[in-house]
2 protein chains.
Amino acid sequence: MTRTPLADVACSIARATDLFGDAWTALIMRDVLTGVTRFDALAHDLGISRKVLAARLSRLVEEGVLVRERYQERPPREHYRATRKGEELYPVLLALMEWGDRWYAGPAGPPARIRHLGCGRDTTPVSACAHCGEPLTVGNTTQLPGPGGRTGPGTRVLGPLLSGREDGREDTPEAGRAAAV
Amino acid sequence: MTRTPLADVACSIARATDLFGDAWTALIMRDVLTGVTRFDALAHDLGISRKVLAARLSRLVEEGVLVRERYQERPPREHYRATRKGEELYPVLLALMEWGDRWYAGPAGPPARIRHLGCGRDTTPVSACAHCGEPLTVGNTTQLPGPGGRTGPGTRVLGPLLSGREDGREDTPEAGRAAAV
DNA sequence: CTACCCGAGTTCCCCGAGGGAACTTAAGGG
DNA sequence: CCCTTAAGTTCCCTCGGGGAACTCGGGTAG
């Protein structure tokens, strides 16, 4: 496979994807943030091969997303906890979950709810503008080269935006669900 | 590899990850939403193997995330465009990008900026509560089983939350950067 | 004191997915 | 008539994932 190295591309998505763009990493982070922090618990909960789990965990520790630490001395046992860098992946998980809920929840509804302790209500996460709080969409944002971007041919950033897309038709979550079946 | 099927797990993250948890899919969606919609353009821009690109694209079309459509008749040429389902992956991309910016942007700053056309300012996306607009974090949210969840042993949802985590130390983006180097 | 469980990995083998490059098909263009 | 472009497809090779067994350090039960 020799996964193409994406970490050095001038794109934050590529960099994030280099770590996170793996079927297991998101699930591992979900579990760790959820309180499933022990090796065996993760292996059992995820159904992941122990070999791959060990590899992912050490990669995540290398990256500073998790820390391996002893949680009891006798017998010595280690587990994994999220660092701040790891915790900040939470919005990514929320976005994935929200999307999965919208497009794959059966008629029964989503498998989980997120309760916001701040306002006490079950909530859905939205990607909002840090300044005005309005939701950010493909349609109301545009991308510009940033200071850290080696701006040049081939430089890819997110979003010069849709060319023609004013139809409004296309599918709904329900249609999507049906199509997926 | 025989990638373990995650799509049928009672977790929206797993379902989303089943599609999106692949190094290339996020980059492909970024490009398509960005206006890079032609096969060769994608292959060239991403440096992805044409074989894998073809496989990913047809998977994404199957899933209803992209549509393959003719953009000129003579000679007949097809390209790919995002459906609504595809566009709604935007928040996931934004979250990944934001995280990448926070933790991997060099001293020069992030490679790209997001301009919110609504308020006209360069913005950073935050995951906010749909009700009160407050940012959602690991610390201020909790998860509860949802209606669609087969609640039982082994059911994993996001977030019963951190046990002990009131230290406040650990690393900062800068420390993380340094550690990653 | 020995035998039997953990928890946390590591090792082994097999197979299939990804990389890479060449080949194909269809329609212009010089 | 041959070259070029777009959009894939095919082939071979390697490497990483699945799966299960094995290891290793340290209890704990009998």
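Note on naming: letters A, B, ... go to the chains in the order of the sequence lines (proteins, then strands), and numbering restarts at 1 for each one. Quick note: numbers below take in every heavy atom, side chains included, and nothing from hydrogens, waters or symmetry partners. No experiment lies behind these values; they were computed from the predicted model shown.
Closest-nucleotide positions on DNA chain D for A:Ser49 and B:Pro76 were compared, and the one nearer the 5' end corresponds to B:Pro76.
Of the candidates D:dA6, C:dA27, C:dC6, D:dA6 carries the atom nearest the B:Arg77 side chain, counting heavy atoms from C-beta on. Of all nucleotides listed (C:dG19, D:dG27, C:dA27), D:dG27 comes nearest to the side chain of A:Arg74. Listed candidates were C:dG7, D:dG19, C:dG18. Nearest to the side chain of A:Asp40 is C:dG7.
Atom NE2 of B:His44 and atom P of C:dG20 are 14 Å apart (whole Å). A straight line from CG of A:Asp22 to P of D:dG17 spans 7 Å, rounded to a whole angstrom. One atom, CG of B:Leu60, and another, C1' of D:dG8, lie 16 Å apart when rounded to the nearest Å. Rounded to an integer number of Å, the gap from CD of B:Gln72 to P of D:dT5 is 14 Å. Look at CD on A:Glu73: it is 18 Å from P on C:dG7, rounded to the nearest Å. Across the protein-nucleic acid pair, B:Leu53 atom CG and C:dA21 atom C1' stand 15 Å apart, rounded to whole Å. In this structure, the CZ atom of A:Arg70 is 16 Å from the P atom of C:dG7, given to the nearest Å. Here D:dA20 presents its C1' atom at 15 Å from CD1 of A:Ile48, a figure rounded to the nearest Å.
Dashed line: the shortest gap from a side-chain N or O of B:Arg50 to OP1 or OP2 of C:dA21 is not under 4.0 Å. Under 4.0 angstrom from either OP1 or OP2 of D:dG18 there lies at least one side-chain N or O belonging to A:Trp24. OP1 and OP2 of C:dG7 both lie 4.0 Å or more from every side-chain N or O belonging to A:Tyr80.
Ion pair A:Arg77/A:Asp40 not flagged as a salt bridge, since none of the NZ, NE, NH1 or NH2 atoms sits closer than 4.0 Å to an Asp/Glu carboxylate oxygen. Of the charged side-chain nitrogens involved, none lies within less than 4.0 Å of a carboxylate oxygen, so that B:Asp45 and B:Arg38 do not count as a salt-bridged pair.
Annotation for A:Thr17 and B:Ala23: closest pair CG2-O, 3.0 Å, computed over non-hydrogen atoms. Across every non-hydrogen atom of B:Gly64 and B:Lys85, the tightest pair is O-CB, 3.6 Å.
Within the 4.0 angstrom heavy-atom criterion, only backbone atoms of the sugar-phosphate kind lie near B:Arg68; the bases stay farther away.
For a distance-only test at 3.5 Å, the side chain of B:Lys51 qualifies as a donor-acceptor partner of the base of C:dG19.
A:Arg74 CZ: 12 or fewer foreign heavy atoms inside a 6.0 Å radius.
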